[in-house]
Asks: 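I have a structure here, written as structure tokens, and I will follow up with some questions on it.
Basis for what follows: all heavy atoms, side chains included, without hydrogens, waters or symmetry-related copies.
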Amino acid sequence: MKSTSPVTAALRVGLFSFMIVGMVSLVFHATKNKIADNERQALLDNLQTVLHRDSYDNDLSNDVIQLQTYTIYRARKSGAPVAAILISTTTHGYNGDIRLLIGITIAGKITGVRVLKHQETPGLGDKIEIKKSAWISSFTHKSLSDMSTRQWSVKKDGGNFDQFTGATITPRAIVNEVKKTGLFFQQNQQIIFQ
């Protein structure tokens with residue numbers, strides 16, 4: 001059997017690597033628009049879980065700003081502001097950060113809240129997920145002006161929102177974060193819709 005010189009072997013490995021990189025690059029360029037479209041649709045699907053698509057007529061995915069720690073999608077109808085969807089994170093979860101999607105109308109009504117990401121205890125704190133419990137829907141149609149500050153808390157703290165048996169920390173963190181985000185939106189509407 002004829003042996004291959006080290007130089008020939010190195011050239012073959014180099015050529016093979018070049019071909020693999022070229023193929024990966026071609027696949028990336030051929031699919032990048034499809035990937036971007038899929039990511040955009042997934043974002044819109046998420047946003048529409050907290051704000052019905054008939055309530056606005058602009059492109060939410062392109063009408064977004066960052067203000068302080070909030071990512072804010074601005075909803076408009078015929079050019080006029082109607083609502084906003086804020087991505088907010090509380091650091092007071094039982095097992096770390098809880099990332100929320102919160103829809104709020106210009107009048108201050110909550111249109112919906114969904115949990116985007118959390119690490120809460122399965123079977124206890126994970127009831128914040130809409131797939132596991134309807135608890136997160138208890139915010140829908142409520143506003144800060146409907147309740148006092150004390151009422152805008154979990155029942156264990158004298159408020160109106162249920163907590164979970166054995167897992168008060170998680171619902172308390174979310175109730176407080178939704179209240180805080182609602183106050184932020186009330187106080188910054190003019191800046192948000194400039």
Side-chain angles (χ1 to χ4, degrees), residues 32-93 97-118 120 127-149 151-153 159-162 170-194:
K32 73 177 183 181
N33 289 340
K34 181 68 175 165
I35 291 169
D37 287 346
N38 289 345
E39 288 174 348
R40 183 179 172 279
Q41 190 56 53
L43 170 66
L44 287 173
D45 289 346
N46 263 338
L47 296 176
Q48 289 167 357
T49 62
V50 297
L51 184 65
H52 195 274
R53 65 181 306 167
D54 291 341
S55 61
Y56 61 91
D57 59 11
N58 63 320
D59 181 3
L60 287 181
S61 64
N62 284 320
D63 198 349
V64 59
I65 62 168
Q66 185 74 36
L67 188 59
Q68 295 182 22
T69 60
Y70 299 96
T71 300
I72 305 169
Y73 295 90
R74 299 175 293 193
R76 305 171 197 267
K77 195 149 196 172
S78 301
V82 292
I85 300 170
L86 295 90
I87 295 179
S88 177
T89 302
T90 175
T91 58
H92 301 289
D97 294 354
I98 301 172
R99 197 163 195 212
L100 301 170
L101 197 61
I102 304 169
I104 308 173
T105 68
I106 290 296
K109 287 267 186 215
I110 303 292
T111 58
V113 178
R114 293 291 182 274
V115 174
L116 293 175
K117 186 178 176 187
H118 74 88
E120 300 304 286
K127 292 177 186 169
I128 57 178
E129 293 178 34
I130 192 72
K131 290 183 283 185
K132 308 249 170 124
S133 160
W135 178 83
I136 201 74
S137 299
S138 62
F139 296 99
T140 306
H141 305 302
K142 294 201 170 42
S143 72
L144 297 178
S145 60
D146 292 344
M147 293 183 267
S148 68
T149 299
Q151 290 173 317
W152 195 274
S153 58
N160 287 0
F161 293 92
D162 289 330
T170 305
R172 179 184 287 141
I174 292 180
V175 170
N176 288 338
E177 189 64 24
V178 173
K179 178 172 64 177
K180 184 179 119 190
T181 303
L183 287 171
F184 172 84
F185 182 66
Q186 276 183 348
Q187 294 163 358
N188 293 282
Q189 272 192 32
Q190 287 188 333
I191 298 170
I192 291 169
F193 286 104
Q194 278 182 346

Asks: Out of curiosity, Gln186 CD to Ile106 CD1, how far, rounded to the nearest 0.5 Å?
Replies: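 Taking CD in Gln186 and CD1 in Ile106, the distance rounds to 11.0 Å.
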Asks: Would you please classify the geometry between the Phe139 ring and the Trp152 ring as parallel, tilted or perpendicular, with 30° and 60° separating the classes?
Replies: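 Trp152 and Phe139: tilted rings.
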Asks: Where the side chain of Arg53 meets the backbone of Gln48, is there a donor-acceptor pair that is under 3.5 Å apart?
Replies: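 Such a contact is absent between Arg53 side chain and Gln48 backbone.
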Asks: Please determine whether the number of non-hydrogen atoms from other residues, nucleotides or ligands lying under 6.0 Å from atom CZ of Arg99 exceeds 12.
Replies: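 Atom CZ in Arg99 is not packed in, count stays at 12 or less.
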Asks: If you measure from the Lys or Arg side-chain nitrogens to the Asp or Glu carboxylate oxygens, is any gap between Asp59 and Arg40 under 4.0 Å?
Replies: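 Salt bridge present between Asp59 and Arg40.
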Asks: Which is it for Thr149 and Lys179 under the side-chain contact (heavy atoms from CB on, under 4.5 Å) test, yes or no, and what are the steps along the way?
Replies: CA-CA 9 Å; Thr149 299; Lys179 178 172 64 177; 3.8 Å; yes
Asks: Check Tyr56 against Val82 and note the closest heavy-atom contact, atom names and distance.
Replies: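 Where Tyr56 meets Val82 most closely, the heavy atoms are CB-CG2, 4.2 Å.
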Asks: Report the C-alpha distance between Val115 and Leu100 in whole Å, list the side-chain angles of each, state the deciding distance to 0.1 Å, and finish with yes or no for side-chain contact (heavy atoms from CB on, under 4.5 Å).
Replies: CA-CA 5 Å; Val115 174; Leu100 301 170; 3.7 Å; yes
Asks: Taking the side chain as every heavy atom from C-beta outward, state whether Lys109 and Lys142 have any atom pair closer than 4.5 Å.
Replies: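 SC-SC contact between Lys109 and Lys142 ruled out.
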Asks: So, applying side chain to side chain contact (heavy atoms under 4.5 Å, CB included) with Ile102, which one of Val50, Thr111, Ile110, Ile174 is it?
Replies: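 Option passing the side chain to side chain contact (heavy atoms under 4.5 Å, CB included) with Ile102: Ile110.
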Asks: Identify the two heavy atoms, one from Leu47 and one from Tyr73, that lie closest to each other, and give their separation to 0.1 Å.
Replies: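 For Leu47 versus Tyr73, the nearest heavy atoms are CD2-CD1, 3.7 Å.
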Asks: Report yes if some heavy atom in the side chain of Glu129 is under 4.5 Å from a heavy atom in the side chain of Arg114; otherwise report no.
Replies: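 Glu129 does not reach Arg114 side chain to side chain.
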Asks: Does the side chain of Phe161 come within less than 4.5 Å of Ser153's, by heavy atoms?
Replies: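 Ser153 does not reach Phe161 side chain to side chain.
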Asks: Are the side chains of Ile98 and Lys117 in contact, using a 4.5 Å heavy-atom criterion?
Replies: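 No, every pair of side-chain atoms sits at 4.5 Å or beyond.
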Asks: May I ask you to decide if Lys77's main-chain N or O and Asn58's side chain share a donor-acceptor pair within less than 3.5 Å?
Replies: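 Not at all, since once roles are kept as given, no pair shorter than 3.5 Å links the two residues.
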Asks: Less than 4.0 angstrom from a charged side-chain N to a carboxylate O is my criterion; do Asp63 and Arg76 meet it?
Replies: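 So Asp63 pairs with Arg76 through a salt bridge.
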Asks: Determine, step by step, whether Arg74 and Ile192 satisfy the side-chain contact (heavy atoms from CB on, under 4.5 Å) criterion, reporting the C-alpha distance in whole Å, the side-chain angles of both residues, the deciding distance to 0.1 Å, and the verdict.
Replies: CA-CA 8 Å; Arg74 299 175 293 193; Ile192 291 169; 4.0 Å; yes
Asks: Identify the two heavy atoms, one from Thr181 and one from Ser88, that lie closest to each other, and give their separation to 0.1 Å.
Replies: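 Nearest heavy atoms, Thr181 then Ser88: OG1-OG, 3.1 Å.
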Asks: Where do Glu120 and Thr170 come nearest, in terms of heavy atoms and distance?
Replies: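 For Glu120 versus Thr170, the nearest heavy atoms are OE1-OG1, 2.5 Å.
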Asks: Looking only at heavy atoms, which two atoms of Ile72 and Ala84 are closest? And how far apart?
Replies: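 Of all heavy-atom pairs spanning Ile72 and Ala84, the closest is CG2-CB, 3.9 Å.
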Asks: To the nearest 0.5 Å, how far apart are CD1 in Ile85 and CG in Leu51?
Replies: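 CG of Leu51 is found 4.5 Å from CD1 of Ile85.
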Asks: Please answer whether the main-chain N or O of Arg172 pairs with a side-chain N or O of Asn176 as donor and acceptor at a distance below 3.5 Å.
Replies: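 Looks like yes, one N/O pair under 3.5 Å.
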Asks: Checking the side chain of Gln66 only, and the main-chain atoms of Tyr70 only, is there a donor and an acceptor separated by less than 3.5 Å?
Replies: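 It does hold such a pair.
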Asks: Under a 4.5 Å cut-off applied to non-hydrogen side-chain atoms, are Lys34 and Asn38 in contact?
Replies: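 Side-chain contact under 4.5 Å: yes.
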Asks: Quick one: does any side-chain atom of Asn46 pair with a main-chain N or O of Leu43 as donor and acceptor, under 3.5 Å?
Replies: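 No; zero donor-acceptor contacts below 3.5 Å.
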Asks: When rounded to the nearest 0.5 angstrom, what distance separates CG in Leu86 from CD in Glu177?
Replies: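 Going from CG on Leu86 over to CD on Glu177, the span is 10.0 Å.
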Asks: Should we say atom CD of Gln190 is surrounded by more than 12 heavy atoms from elsewhere, each under 6.0 Å from it?
Replies: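 No, the 6.0 Å shell around CD holds no more than 12 heavy atoms from other groups.
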Asks: Nearest heavy-atom pair of Ala75 and Phe193: which atoms, and what distance?
Replies: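 Closest pair (atom of Ala75, atom of Phe193, distance): O-CE2, 4.0 Å.
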Asks: How far does CG of Leu60 sit from CG of Leu44, to the nearest 0.5 angstrom?
Replies: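 Answer rounded to 0.5 Å: 6.5 Å.
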Asks: Where the side chain of Lys132 meets the backbone of Ile128, is there a donor-acceptor pair that is under 3.5 Å apart?
Replies: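 Not at all, since once roles are kept as given, no pair shorter than 3.5 Å links the two residues.
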Asks: Under 4.5 Å between any side-chain heavy atoms of Ser78 and Asp57, yes or no?
Replies: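 SC-SC contact between Ser78 and Asp57 confirmed.
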Asks: Contact between Val113 and Thr140 at the side-chain level, heavy atoms closer than 4.5 Å - yes or no?
Replies: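 With C-beta onward as the side chain, the pair stays apart.
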Asks: Asp37 and Gln41: side-chain donor and acceptor closer than 3.5 Å?
Replies: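 The answer is no; no qualifying pair exists.
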Asks: Determine whether Ser138 and Asp162 make a side-chain contact, defined as any pair of heavy atoms from C-beta on separated by less than 4.5 Å.
Replies: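 When only atoms from C-beta onward are counted, Asp162 and Ser138 do not touch, as no gap falls below 4.5 Å.
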